[in-house]
Amino acid sequence: MKLGVLISGRGSNLQALMAATARDDYPAEIALVVSNQPQAAGLERAREAGLATAAFDHRDFADRQNFEAEIDASLRGAGVELVCLAGFMRLLTAGFLEGWPDRVVNIHPSLLPAFPGIHVHEQVVASGARFSGCTVHFVRPEMDAGPIIIQSLVPVRPDDDADTLAARVLATEHQCYPKAVKWIAEGRVRINGDLVEVDGAGTPQMAAINPI
Ligand code: GAR
């Protein structure tokens, strides 16, 4: 399956997908990396690995439709079949998403539907929540919403600040995203309304309790 990865910055999730897709037995490859930030560090990572890249600075476009039309055309030109948002910090409109029905996935650094949006880890720490994690989900027009494919769970520790929590969550993001994309590429993921079924996937038996 050909992937288009959309980024805005550092690109560590892109890196995790690059590492996964480099393996012979992985059922997907990265056909194009697109950024709305021409200076994104992730673009450099992609170029160094010899991947095709494109940059469309959203500030150069009169409106969202024109910006998205360029992204759409570049993805289609590269033969992309699944669009992976990996720290892509622009909302995609319903018009764009209609052209990619159930073909856009996103990773978000919280246990959605809790804590959508930005400054997630600050909000989690301030909330007193005992757990956080990440979510990979199909994208719907509402921000950080859509059928959930996989989540990770990490404890929030008493001495955490946003940075230490972000690092703990990010490590699990790098595990979850390649796994979710693999399942999709293998044709094991079905959407029933708001729910996702993953053929052959298991469920942990144990409760996680914090503090202990
Ligand atoms: C990741 O933590 C990702 O979950 C988050 O941005 C970061 C990008 O890091 N995405 C969102 O907040 C989307 N709502 P990366 O560029 O190193 O992959």
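Counting convention: from 1, in listed order, for ligands and their atoms alike.
- Looking at Glu173 and Ser152, their side chains never bring a donor and an acceptor atom within 3.5 Å of each other.
- The shell of residues lying under 4.0 angstrom from ligand 1, judged by heavy atoms, includes Ile107.
- Around atom 6 (O) of ligand 1, the closest heavy atom drawn from Pro116, Gly87, Ser110, Cys176 belongs to Gly87.
- Counting only heavy atoms of the protein, atom 15 (P) of ligand 1 lies nearest to Ser12 N, 3.4 Å.
- Of the possible donor and acceptor atoms, one in the side chain of Arg64 sits under 3.5 Å from a partner among the backbone N and O of Leu91.
- Summary of contacts: the protein heavy atom closest to atom 11 (C) of ligand 1 is Pro109 CD, 3.7 Å.
- At least one N or O atom of Gly11, backbone or side chain, sits closer than 3.5 Å to an N or O atom of ligand 1.
- Contact atoms of ligand 1 toward Asp144: 14 (N) (distance under 4.0 Å to a heavy atom of the residue).
- Not a single donor-acceptor pair under 3.5 Å links the side chain of Asn192 to the backbone N or O of Leu195.
- Per-residue contacts place Glu173 under 4.0 angstrom from the following atoms of ligand 1 (heavy atoms of the residue considered): 1 (C), 2 (O), 3 (C), 4 (O).
- A salt bridge links Arg188 and Glu186; the closest N-O separation between the charged side-chain nitrogens and carboxylate oxygens is under 4.0 Å.
- Of all protein heavy atoms, the one lying nearest to atom 9 (O) of ligand 1 is Arg10 NH2, 3.0 Å.
- Counting heavy atoms closer than 4.0 Å to ligand 1, residue Met89 contributes side-chain atoms (C-beta onward) but none from N, CA, C or O.
- Put simply, the side chain of Val33 reaches to within 4.5 Å of the side chain of Ile7, judged on heavy atoms.
- Listed for the Ser8 side chain is a donor-acceptor partner under 3.5 Å among the backbone atoms of Met89.
- Between Leu75 and Val34 the shortest side-chain heavy-atom distance falls below 4.5 Å.
- Considering backbone and side-chain atoms alike, Asn106 places every N or O at 3.5 Å or more from each N or O of ligand 1.
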